[in-house]
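The shown structure was predicted, so the numbers you read here are calculated from the model rather than taken from an experiment. Within every chain, numbering begins at 1; the chains are lettered A, B, ... in the order of the sequence lines, protein sequences first and strands thereafter.
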Protein chains: 2
Amino acid sequence: MTAPLDAGVFDLRCSHRMPIRVGDKWSGLILRCLEDGGRRFGEVKAALRGVAPKVLTETLRAMERDGWVTRTAYDENPPRVEYALTELGRSLLGPLNAACAWAREHLDELPHAQERTPTA
Amino acid sequence: MTAPLDAGVFDLRCSHRMPIRVGDKWSGLILRCLEDGGRRFGEVKAALRGVAPKVLTETLRAMERDGWVTRTAYDENPPRVEYALTELGRSLLGPLNAACAWAREHLDELPHAQERTPTA
DNA sequence: GTGCCCGGTTACTGCAACGGAACCGGCGCT
DNA sequence: AGCGCCGGTTCCGTTGCAGTAACCGGGCAC
């Protein structure tokens, strides 16, 4: 899954005041990016083309804090850090994919779909 | 469904640059509020306790523009306006409920769930 | 004529998310 | 000595969602 993700059409959200927070711009994409196994910071960054390192760090930290991903730092050099889904994080792929399926199915019915960028 | 909705734990989002936009704070709640039939502005406002009329108008207008709800103004007095789901809007309840089901199922596994407000 | 009801609108403000650019430390390579 | 790699961090600015408070217009009732 190094190819650009198509999940950009749909992601899940809860605001910071709600127990679940998947609503930032990148969480959904990160979930799907880690679907097939752990990945390094740089790999995720490359898959999510255009994400600023600052934002990626923020998002990954939040996801770690909320128990969706694990962060494993290897004491090597150059440094290596691996992010992987927890079971909880993996369970979120269900609703996420349901939403993505909906989006693919109804994309043509959406009034302003073509005016906006369909895929990230 | 005049009782306060519990969908506050989960809603769906896409940013304004994406074809689908369910990400604002209230769209998901409005969808579920209209699930059982059309409702008046004031009814929706009462069901979504705490929403400012300005924000509610904005959200409903956006949902209308995107083809999820219809707005029907009756030329009566006092004025009456009814909002109802379109077929497209109704189809969104699928993924939305999937997400809500996930939230209910995993609420106890969430690290910081109790610190934040579980229900709106 | 005063006030209420409904469905808004307007103006102002706050805040969180997002983004760009620059910089950093530790190590290894040349 | 200088450069590059990796995984960040810091500073600063922009954007957009949301909230508060106040107001409005038309018709009706008192």
### Nucleotide dC6(D), atom C1' - distance to CG of Asp75(A) in whole Å
13 Å
### Message
Give me the atom names and distance for the closest heavy-atom approach of Tyr83(B) to Val81(B).
### Response
CE1-CG1, 3.7 Å
### Task
For Trp26(A) and dA17(C), give me the distance from atom CH2 to atom P, rounded to whole Å.
15 Å
### Polar side-chain atom of Arg39(A) near backbone of Glu82(A) as donor-acceptor pair, under 3.5 Å
no
#### Entry: OP1 or OP2 of dG7(D) under 4.0 Å from side-chain N/O of Arg61(A)
no
### Message
So Tyr74(A), base contact, sugar-phosphate only, or nothing? Heavy-atom distance under 4.0 Å.
### Response
nothing
### Closest to side chain of Ala52(B), choosing from dT20(D), dG8(C), dG19(D)
dT20(D)
### Query
Atom CD of Glu82(A) and atom P of dC6(D): how far apart are they, to the nearest Å?
14 Å
#### Entry: Value in whole Å for how far the P atom of dT9(D) lies from CD of Glu58(A)
10 Å
### Query
Whole Å only: how far is the CG atom of Leu48(A) from the P atom of dC18(C)?
12 Å
### Summary
Rounded to whole Å, the CG-P distance (Leu60(B) to dT9(C)) equals 11 Å
#### Entry: N/O donor-acceptor pair under 3.5 Å between Thr59(A) side chain and Ser27(A) backbone
no
### Query
Measuring from Arg32(B):CZ to Leu48(B):CG, what's the distance to the nearest 0.5 Å?
11.5 Å
### Message
Please tell me if Arg80(A) has a side-chain N or O lying less than 4.0 Å from either OP1 or OP2 of dC27(C).
### Response
no
### Query
Between Arg39(B) and dG7(C), does any side-chain N or O lie under 4.0 Å from OP1 or OP2?
no
### Message
Check whether Trp102(A) reaches the backbone of Ser91(B) with its side chain - one donor and one acceptor, N or O, closer than 3.5 Å.
### Response
yes
### Task
Find the distance Phe41(B):CZ to dC6(C):C1' and express it as a whole number of Å.
9 Å
### Message
Of the listed nucleotides (dG7(C), dG19(C), dT9(C)), which one gets closest to any side-chain atom of Thr57(B)?
### Response
dT9(C)
### Length of the line joining Arg71(A):CZ and dC6(D):C1', which is rounded to integer Å
12 Å
### Non-neighbouring partners of Arg80(B) that pass side chain to side chain donor-acceptor pair (under 3.5 Å), sequence neighbours left out
Glu76(B)
### Task
Take Leu56(B) and Ile30(B), measure what side chain to side chain contact (heavy atoms under 4.5 Å, CB included) needs, and give me the verdict at the end.
CA-CA 9 Å; Leu56(B) 183 55; Ile30(B) 293 174; 3.7 Å; yes
Tabulate protein N/O versus nucleotide N/O from nucleotides 21-29 of chain D, keeping only pairs under 3.5 Å, one per line.
| residue | atom | partner | partner atom | Å |
| --- | --- | --- | --- | --- |
| dG27(D) | O4' | Asn77(B) | ND2 | 3.2 |
| dG27(D) | O3' | Asn77(B) | OD1 | 3.4 |

### Query
Reckon Arg40(B) has a side-chain N or O less than 4.0 Å from the OP1 or OP2 of dG7(C)?
yes
